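These notes concern the structure reproduced below.
Remember, predicted model here, so these are calculated numbers, not experimental data. Heavy atoms only: backbone and side chains are in, while hydrogens, waters and symmetry mates are out.
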Amino acid sequence: MPEMFRRATLRADMPDEAAMPRPASSSQRGYAARRKVLIILALAVPLLVANYGMYAWSSLAVRKELNSIAQSVEDQASNALGSAGQTATEVANARYSQRGCFLGTVQLLQLKALSSPYVRSLNLVRDGKISCSSVGGAVNIPVDLFAPGLRLQTGSVLLMRSHWFGLEAPGIAYVHMRDDHDGVIAVMHEQFFRDMTTLPGKDRYRSVVLRLGHQYVYDEGGMKDSPPKFVNQWVAKRGPGDLEVFVEASDKLRMMYLTDSVVTWNLIAIAIGLLLALAVNFYYVRGRSFERMLRLAIVNRDIVPFYQPVYHAEGAVLEGVEILARWYNRGEGYISPDVFIPYAERMNLIDALTLSLIQQVRHDLEHSFRLPPGSNVALNVPPSMFDKPEMIAALEQFSRFLQGNGLRLLLEVTERQFVEHADTERIQGFFDWLHQQGILIALDDFGTGYSSMGYLNRFSFDYLKIDGVFVNGIGASPTAEGLLDTIIQLAQKLGMKTIAEKVENKEQVLYLVDRHVNCIQGYYYAKPVSAADLGQYIPDQPPRPIVPDPVPSWLADEERAD
């Protein structure tokens, strides 16, 4: 036998807890380091998230406030322009320009101007000239001189730096044309628009600028032809066409939002971080407690073997049993193997657990029950078995014990183990050695993990176990049935026996028997039971003839009880 498979003496009694394998010092340090890192992250991540969230929230809040201010200024400017436009429209539609610029016409224009809070003067336009004004009376002034650059189109707006009729304050001209010849120019007070851009709270807003046409009204006073240049990036713009509003935030506005909430949100983040840190610490402390509890359970043999019978598909003749670990804890109740077996693998306790189960199975076979000669005893083996001579020696001794009782050891390995142990030649050499010892090998859970046809081609398996995922699809999913048929045919082509797991009803049994599946395992025949209860499934007489509709004894008892 190769050196890697040299024998190691298997002790008859399990070691005490102090002698059980424990994580190496490097693992201990890694464990402590992971715990510290996770606690630091638990404290830091909520603070980082909270502060990043406040930063993003403050940006949205600033934009929302600037948009609100811009909307407010835009509404005021639109109302002013709308009021002036309405007055100009009424004057144009009344055709004052066709009456001539008499005293009565001037007085009517003055009354109309006074009726509008924003209009400063009303000026009649005829053939491109100002013919009559509420301020200047009868005049004959070209529009290009009256308001240079003003377009005689309805809705045109222009900032006038001075008033033609001697008024010192500049104004804002608004045009309404009734047709190509006649129209009205309403001149509004520029101060009204400047007041709109003068907002309280200069510590919040650096500047507010109103664009009318191609010119700009600034909050600090004055009019410019050039667009504003903003220092701060937080600028909101509102308004289409000849009206547009710019609002620039101050450098302090975002900080105002941040300072209002930084204490509250950081206190909340600290509280969340502390809770997370406590949860992480509890997880690791509980993990240590669970490890201690698992160690004691192995030492005290609280984790015991249960046995699930496996039957020939035709005739319901007992083929053997599969050993399953079950753990009942007085404080926690039943603990699922899906919980403690992966944990035992991670904490380097799976070997001790396997040895404990082997010892208990030997005791049960000697004192509790006798399996029919030729039966298989199936055992799930951990991945560490490939690398540990003491485990190989234990399996060899267990196999010899079974052979002495007319039984055979069947080792079940999963596809995952081939991914973790990718040395093909080494694994095949190990399988050859197992076969030399009379040990059978089954590929478990085929098709549910890292499925590869290469496994079946490279390694010598005696059995292929069909997972219950495919069995459950019988009568329910044509796709699952197709995959199941393919797996069965593949195994038969390769000369492998098949075992179907988790068979629960008669329809599944008939389907599998019809396709010549060799063995059936599942609740339809028997659930996993303790050594004391296994005897009811072991025949005390020669096997009965094959029957077409096998019914397990426990199910028949339930039917009679009903």
Side-chain angles (χ1 to χ4, degrees), residues 4-5 8-28 30-31 286-308 322-329 332 334-363 377-399 409-423 426-427 430-431 434 439 441-445 449-450 465 528:
M4 63 166 289
F5 299 137
T9 302
L10 176 65
R11 290 175 292 173
D13 297 324
M14 289 297 298
D16 59 19
E17 184 188 359
M20 291 178 66
R22 294 181 181 273
S25 58
S26 59
S27 299
Q28 293 276 18
Y31 178 92
R286 181 175 175 82
R288 285 298 190 188
S289 300
F290 189 81
E291 178 187 352
R292 168 77 175 176
M293 187 168 63
L294 181 59
R295 288 177 181 275
L296 291 175
I298 296 173
V299 170
N300 298 330
R301 295 188 175 179
D302 293 332
I303 302 178
V304 298
F306 267 47
Y307 304 88
Q308 186 168 26
E322 180 181 0
I323 302 169
L324 302 170
R326 293 295 183 265
W327 181 12
Y328 177 79
N329 181 273
E332 301 290 337
Y334 283 101
I335 300 177
S336 171
D338 294 336
V339 174
F340 68 81
I341 289 180
Y343 193 89
E345 291 178 348
R346 290 197 303 270
M347 300 310 297
N348 197 27
L349 297 174
I350 192 65
D351 294 343
L353 175 58
T354 302
L355 292 175
S356 174
L357 292 174
I358 289 175
Q359 291 295 323
Q360 294 181 73
V361 172
R362 291 186 61 165
H363 179 272
V377 177
L379 175 68
N380 289 278
V381 291
S384 58
M385 181 194 67
F386 296 124
D387 304 315
K388 297 183 178 179
E390 64 272 15
M391 290 299 299
I392 296 174
L395 294 174
E396 182 183 4
Q397 289 191 17
F398 185 46
S399 175
L409 176 61
L410 173 63
L411 297 183
E412 297 185 1
V413 293
T414 61
E415 294 175 278
R416 174 172 59 87
Q417 295 166 345
F418 296 102
V419 175
E420 297 175 351
H421 299 76
D423 191 339
R426 187 161 174 260
I427 295 176
F430 174 63
F431 280 10
L434 290 175
I439 300 174
I441 309 169
L443 178 60
D444 196 9
D445 298 334
Y450 308 93
K465 296 199 71 173

Which atom names give the shortest non-hydrogen contact between [X] and [Y], and what distance separates them?
X      : Y      : result
Ile303 : Ala325 : CG2-CB, 4.0 Å
Pro305 : Leu357 : N-CD2, 3.8 Å
Leu395 : Leu409 : O-CD2, 3.9 Å

> Would you call Ile439 and Glu396 a side-chain contact if the rule is heavy atoms closer than 4.5 Å?
Replying inline: no

>> Does Leu324 form a side chain to side chain contact (heavy atoms under 4.5 Å, CB included) with Tyr307? I'd like the steps, not just the answer.
In response: CA-CA 6 Å; Leu324 302 170; Tyr307 304 88; over 6 Å; no

>> Pair Arg362, Phe398 - check side chain to side chain contact (heavy atoms under 4.5 Å, CB included), show working.
In response: CA-CA 8 Å; Arg362 291 186 61 165; Phe398 185 46; 3.8 Å; yes

With [X] via side-chain contact (heavy atoms from CB on, under 4.5 Å) - residues at least two apart:
X      : answer
Asn329 : Met293, Trp327, Glu332, Ile335
Pro342 : Arg346
Ala442 : Leu410, Glu412, Tyr463, Lys465

>> Applying side-chain hydrogen bond (donor to acceptor under 3.5 Å, both in side chains), can you list everything that pairs with Asp302, at least two apart in sequence or on another chain?
In response: none

> Can you list the steps and then say if Val381 with Thr354 is a side chain to side chain contact (heavy atoms under 4.5 Å, CB included)?
Replying inline: CA-CA 8 Å; Val381 291; Thr354 302; 5.7 Å; no

> Just one of Leu349, Leu353, Val299 clears the side-chain contact (heavy atoms from CB on, under 4.5 Å) bar with Leu294, so which one?
Replying inline: Leu349

>> Rounded to the nearest 0.5 Å, what separates atom CD1 in Ile323 from atom CD in Gln360?
In response: 10.5 Å

